Amino acid sequence: MAIQTKHQPAVDPEQGSAPTPLIAIASVIVSMALIAIGNGLMFAYIPVRLGVEGFDPTWAGLIVTGLSAGGLAGCILTGPLVRRVGHARAFMVLSALIALSNAAIGAGPHPLPWIGARALYGFAICGLFIVAQSWLNDAIANAIRGRVMAFFYVAYVAGLGVGYAALALVDIKAADAPLIGIVFTALSILPVGMTRLAQPPAPQAASVALRRAWRISPVGVAGMLAVGGLSMSISGFAPIHATAKGYSQADVALLLSVMPLGTLILQLPFGWISDRTDRRYVLIGASALAAAAGMLALGFDGGALALLLVIYVLWDGASESIYSLSSAHAADRAGKDDMVALSSSLLFAWSLAGFIVPGIVTALSAAFGTQAFIYVAIVIACVFCLFVLLRVFTTQAVPATETGSFAPMTAQAPLPVELAYAPDEQDWRRAD
């Protein structure tokens, strides 16, 4: 989602009016990629460790729900934190919180403290993304913004994949994984701590206006609600379910490490098509593919790993594509002055669904088994697909000449929200 910034691109203080050097911009991207490695490892480690220790899978579901609750808090509280200490210090504070969360996990398999630890992690990682992306949006010139942000997302997804794969190499009953997570989190502080990247001005107070966002783009808001639930269901509960099904530590690591490939494989063709037609048609295709892949995941549940890998790659990729397509579609419907307020509202919708749906899945899993997340994901994809179909038949499309350019994104990262919010006088345009 392309966000228009209120400030001019930052300049290097020693270069006068020259654009920000790419090496300075890279410091933020490298830091987030390093964090991703530790995050991916911990995401895979926790459900497998609990399974090995004989804990009921419900505990792992509660931990995912706690993470989502922390993320929702991060969306609300990051702005005040940055206003108080600035982007660089906020980044380092939030990184320290992730290290503390990993340390609590490393103290041993105690589910209740782990819920609190992962809630702390959810708060910190959501805040880190908001800080990093708003910082980059302020520093990057418009001419290269799309390419830099795309590289930012790819670097983070690649880091997650490396972290997932690393699960196969650690002693699951030792504290190796939390220690590795702490190491990569500590390393991530170094590039930002030494960066010469100028910090943006202090942000104004944040506000969320879901009703106004709905007036601009019902499909955009519905897409964020749908993908918030889909992403947390699939990425959060797939390792829990695979562990409960008896797949080995190496199998779970392989499954998680290949899933991000779907994001990289499907988003570019979906985006290319959506730039040349009504994005809602592509959203219908992506959500239908997500529903079909979910049905295949259900039909072949517990089957051959090789087949499940292909299914989950398609399933995760189609679901993740809803995120970037919905963001681009909402941006097409918004006026220039709407962008900041709209993006904050979409972020809140994504976070809200990411908190509520894991709680529902956890409750259903306790009653019907860990495969409940598959049913929930299928229902979400089908309902969203039908909603977009209804909008196509009842409203007009945005002319191709008025649409922006698609940018690949991942639902594992919050929307690129700028931390300075627009005034109330908005140019609200037609809803889709």
Side-chain angles (χ1 to χ4, degrees), residues 1-3 146 149-150 153 213-231 233-234 261-297 311 313-335 338-339 342-343 345-346 349-350 353 377-411 415-416 428-432:
M1 178 176 176
I3 302 295
M149 295 308 295
Y153 286 112
W214 184 269
R215 288 173 57 192
I216 295 175
S217 178
V219 167
V221 175
M224 287 298 110
L225 290 170
V227 79
L230 281 171
S231 178
S233 295
I234 298 172
L261 292 176
T263 302
L264 303 178
I265 293 171
L266 293 181
Q267 283 209 43
L268 290 180
F270 278 159
W272 186 87
I273 296 170
S274 75
D275 280 343
R276 289 157 178 79
T277 185
D278 188 343
R279 293 196 205 276
R280 295 176 297 180
Y281 295 147
V282 188
L283 278 167
I284 291 169
S287 55
L289 179 58
M295 293 175 187
L296 289 173
I311 293 172
V313 164
L314 291 174
W315 194 16
D316 190 63
S319 300
E320 293 274 337
S321 296
I322 294 173
Y323 187 78
S324 50
L325 290 167
S326 297
S327 300
H329 179 75
D332 293 340
R333 296 281 175 172
D338 301 333
M339 296 300 293
L342 175 64
S343 62
S345 300
L346 293 180
W350 170 80
I378 292 172
V379 170
I380 292 173
C382 289
V383 169
F384 178 64
C385 184
L386 292 174
F387 176 77
V388 181
L389 271 171
L390 176 64
R391 298 298 301 180
V392 166
F393 286 118
T394 57
T395 58
Q396 294 182 344
V398 174
T401 55
E402 295 184 20
T403 62
S405 297
F406 175 88
M409 302 172 73
T410 171
L415 286 165
W428 303 103
R429 295 174 63 182
R430 62 187 180 281
D432 45 53

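The chain is numbered in sequence order, starting from 1. The structure presented is a predicted model; accordingly, all values stated were derived computationally and were not measured.
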Requested in this report: Give the intermediate values and the outcome of side chain to side chain contact (heavy atoms under 4.5 Å, CB included) for residues R280 and V219.
Outcome: CA-CA 8 Å; R280 295 176 297 180; V219 167; 4.3 Å; yes
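- With rounding to the nearest 0.5 Å, the separation of CD1 in I216 from CH2 in W214 is 13.0 Å.
- A distance of 7.5 Å separates CG of L346 from OG of S217, quoted to the nearest 0.5 Å.
- Using modelled atom types, one side-chain atom of S324 and one backbone atom of S321 make a donor-acceptor pair closer than 3.5 Å.
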Solution key, residues 281-295 side-chain donor-acceptor pairs under 3.5 Å, sequence neighbours excluded:
unit_1	atom_1	unit_2	atom_2	d
S287	OG	L283	O	2.8
S287	OG	I284	O	3.1

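- Closest heavy-atom contact between R279 and S274: NH1-OG, 2.8 Å.
- For I380, the side chain to side chain contact (heavy atoms under 4.5 Å, CB included) test picks out A226, L230, V357, V376, with sequence neighbours left out.
- Note that the CD1 atom of I234 and the CD atom of E320 stand 8.0 Å from one another [nearest 0.5 Å].
- The distance from the CG atom of L264 to the OH atom of Y153 is 13.5 Å, given to the nearest 0.5 Å.
- Under the 4.5 Å side-chain criterion, counting only non-hydrogen atoms from C-beta, L225 is not in contact with W350.
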Query - Check against side chain to side chain contact (heavy atoms under 4.5 Å, CB included), S327 and M224 - result: CA-CA 8 Å; S327 300; M224 287 298 110; 3.5 Å; yes
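- Looking only at distances, no side-chain donor or acceptor of R391 sits under 3.5 Å from a matching main-chain atom of F387.
- Atom CG of L314 sits about 6.0 Å away from atom CG of L266, to the nearest 0.5 Å.
- Heavy-atom minimum distance, A297 versus I311: N-CG2, 3.6 Å.
- For the pair T394 (side chain) and L390 (backbone), a donor-acceptor distance under 3.5 Å is present.
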